[in-house]
> 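Sharing a structure here in structure tokens format.
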2 protein chains.
Amino acid sequence: MANFRPMDLASFYKCLSDPTRLRIVNLLLKGPLCVCQIQDILQEAQVKTSKHLGYMKKRELLVVKRKANWNFYELDPSLHPIARASMQAIEVHASEDPTFAADLERLQNSQDSDCC
Amino acid sequence: MANFRPMDLASFYKCLSDPTRLRIVNLLLKGPLCVCQIQDILQEAQVKTSKHLGYMKKRELLVVKRKANWNFYELDPSLHPIARASMQAIEVHASEDPTFAADLERLQNSQDSDCC
DNA sequence: TAGGAATATACGTCAATAGGAATATACCTT
DNA sequence: AAGGTATATTCCTATTGACGTATATTCCTA
């Protein structure tokens, strides 16, 4: 969101307007993750996860870094303060939500995964 | 957003995912407004404004109070902290955006309007 | 009670979105 | 080079969303 215009802000909030994408954002708030980790944690179909990641990448909420065979996604570090504040609020309150909390727990357990 | 679930949160962010609705939220952050004031400030077609207000009311972001011939919309006072934080960030940064700023200026000038 | 002002709804159209199935691409390993 | 793993893309379908035109509803006032 280089230029702060309602248009861009709307585009940012569109990224947060889907449950699956919110779950992904909740995970990426903890740091970069590779696609297979995200898939494992969400327990959703590969194509579904991939397309939501592509959606957010296209709208510049996420950036991707390829390492060997794996794609690591992370939140764009240069987001507008409004975006940052919105996501920070999600992070602060994630434990109140069963889905977010369960995802974060699976994230913990996946640290010692053999995936990537 | 009585229950905090990604579903509800997604629904909330859907309300923020349209430029016109963002402009409305920006105005309502300053307090309740009647539809005619909102229409005057946005300078958009009546039906467009009305439908966006209906959209947000249906998703419980806004509540409406009828007074005589006029409908006053306001932000639901019992919103989840995540929603509050997101909107507060919008309020803090509104002056950075030409559209938001111009809308707020027209809001000032409309205080002495003969509308409602 | 008839007319007018304020606001919402119905209907039609077109674009965008979500999700699945199948397929393609990119890179690694043997 | 061949096969495997990781990930993206294409195609299809059903749903939702945005916006305009026309019309309905609600309430006030003369």
Side-chain angles (χ1 to χ4, degrees), chain A residues 6-25 27-28 32-74 110 113-116, chain B residues 6-25 27-28 32-74 110 113-116:
Chain A
M7 214 67 153
D8 309 304
L9 199 55
S11 178
F12 162 69
Y13 282 124
K14 267 190 191 174
C15 290
L16 303 189
S17 72
D18 175 273
T20 304
R21 290 197 290 268
L22 279 171
R23 292 176 66 196
I24 294 173
V25 166
L27 293 174
L28 294 181
L33 287 174
C34 105
V35 177
C36 57
Q37 290 177 293
I38 299 172
Q39 277 169 17
D40 286 352
I41 296 170
L42 296 188
Q43 300 173 311
E44 294 279 2
Q46 182 263 327
V47 62
K48 185 172 174 179
T49 307
S50 176
K51 282 203 275 197
H52 281 303
L53 289 169
Y55 185 104
M56 291 189 279
K57 179 191 166 199
K58 185 178 173 188
R59 284 158 184 78
E60 297 178 300
L61 177 57
L62 305 184
V63 293
V64 57
K65 289 173 186 165
R66 179 136 205 160
K67 287 180 194 171
N69 219 355
W70 296 277
N71 279 354
F72 286 82
Y73 281 86
E74 57 183 282
S110 83
S113 161
D114 54 352
C115 166
C116 44
Chain B
M7 214 66 155
D8 310 305
L9 199 54
S11 177
F12 162 69
Y13 282 124
K14 268 190 192 176
C15 290
L16 302 189
S17 71
D18 175 272
T20 305
R21 290 198 291 267
L22 280 172
R23 292 175 68 196
I24 293 173
V25 166
L27 292 173
L28 294 182
L33 287 174
C34 104
V35 177
C36 57
Q37 290 177 291
I38 298 172
Q39 276 168 18
D40 286 352
I41 295 172
L42 296 188
Q43 299 174 312
E44 296 278 2
Q46 181 263 328
V47 63
K48 185 173 174 179
T49 306
S50 176
K51 281 202 276 196
H52 281 302
L53 288 169
Y55 185 105
M56 293 189 278
K57 178 190 166 198
K58 185 178 174 188
R59 285 158 185 79
E60 297 177 302
L61 177 58
L62 306 183
V63 292
V64 57
K65 288 174 186 164
R66 179 138 205 157
K67 286 181 194 170
N69 220 356
W70 295 278
N71 279 355
F72 286 81
Y73 281 87
E74 58 182 281
S110 83
S113 160
D114 55 350
C115 166
C116 43

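Residue numbers start from 1 in every chain, and the chains themselves are labelled A, B, ... in the order their sequence lines are given, proteins ahead of strands. Remember, it's a predicted structure, so these values are computed and weren't measured experimentally.
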> Is it the case that the base of D:dG17 and the side chain of B:Lys51 share a donor-acceptor contact (distance under 3.5 Å, atom types as modelled)?
no
> I want to check a possible cation-pi pair here: B:Lys67 against B:Phe72, using under 6.0 Å from ring centre and within 45° of the ring axis as the test.
yes
> When the distance from NZ of B:Lys14 to P of D:dT16 is rounded to whole Å, what number comes out?
8 Å
> Whole-Å distance between C:dA5 P and B:Gln39 CD?
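So the two atoms are 14 Å apart, to the nearest Å.
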> Want to settle it: does B:Tyr55 or A:Ser50 sit nearer the 5' end of DNA chain D, counting the closest nucleotide to each?
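Closest to the 5' end, via its nearest nucleotide, is A:Ser50.
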> For C:dG19, does OP1 or OP2 lie under 4.0 Å from any side-chain N or O of A:His52?
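Answer is yes, contact under 4.0 Å.
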> Which atoms form the tightest heavy-atom contact between A:Trp70 and A:Cys34, and what is the distance?
CD1-SG, 3.9 Å
> Under 3.5 Å, side chain of B:Arg66 to main-chain N/O of B:Ala68, donor-acceptor pair present?
yes
> In whole angstrom, give the distance that lies between atom CD of B:Gln37 and atom P of C:dT7.
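It is 9 Å, rounded to the nearest whole Å.
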> Expressed as a whole number of angstroms, how long is the span from B:Lys58:NZ to D:dG17:P?
7 Å
> Going by purine N1 to pyrimidine N3 plus the second Watson-Crick contact, or the G-U wobble pair, all under 3.5 Å, which nucleotide sits opposite D:dA30?
C:dT1
> Below 3.5 Å, does any donor atom in the side chain of B:Gln46 face an acceptor in the base of C:dA8, or the other way round?
yes
> Tell me which nucleotide, if any, is Watson-Crick or G-U wobble paired with D:dA18 when both distances must be under 3.5 Å.
C:dT13
> At 4.0 Å (heavy atoms only), tell me whether A:Val47 reaches a base, stays on the sugar-phosphate, or touches nothing.
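Base, at least one base heavy atom under 4.0 Å.
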> Nearest 0.5 Å, what's the OG-CD1 distance between A:Ser110 and A:Ile41?
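So the gap between those two atoms works out to 4.0 Å.
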> Check the distance between D:dA18's P and B:Leu16's CG and give it to me in whole angstrom.
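About 12 Å, once rounded to whole Å.
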> Can you find a side chain N or O atom of A:Lys48 that sits less than 4.0 Å from OP1 or OP2 on C:dG20?
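Checking A:Lys48 against C:dG20: no side-chain N or O falls below 4.0 Å of OP1 or OP2.
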> Only one of B:Leu27, B:Ile24, B:Asn71 passes side-chain contact (heavy atoms from CB on, under 4.5 Å) with B:Leu33; say which it is.
B:Leu27
> Could you tell me the separation between the CZ atom of A:Arg23 and the P atom of C:dG19, rounded to a whole number of Å?
11 Å
> Closest-nucleotide mapping onto DNA chain C: is A:Trp70 or A:Ala45 further toward the 5' terminus? I mean the 5' end.
A:Ala45
> What does D:dT25 pair with, Watson-Crick or G-U, if both distances are under 3.5 Å?
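Partner of D:dT25: C:dA6.
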> Please pick, from C:dA18, D:dA6, C:dT7, the nucleotide with the shortest atom-to-atom distance to any side-chain atom of A:Arg21.
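Nearest nucleotide to the side chain: C:dA18.
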> For the side chain of B:Cys36, starting at C-beta, report the closest nucleotide among D:dT7, C:dT7, C:dA8.
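Nucleotide nearest to B:Cys36's side chain: C:dT7.
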> Figure out the CZ/P separation between A:Phe72 and C:dA26, and round it to whole Å.
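A:Phe72 atom CZ is separated from C:dA26 atom P by 20 Å.
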> CG of A:Asn69 versus P of C:dT30: gap in Å, rounded?
13 Å
> Under 4.0 Å from OP1 or OP2 of C:dA8: is there any side-chain N or O of B:Arg66 that close?
no
> Testing B:Lys51, B:Arg21, B:Arg23 for salt bridge (Lys or Arg N to Asp or Glu O under 4.0 Å) with B:Glu44, which one passes?
B:Arg23
> Look at the side chain of A:Asp18 and decide which nucleotide, out of D:dT26, C:dA18, C:dC27, has an atom nearest to it.
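Within the option list, the nearest is C:dA18.
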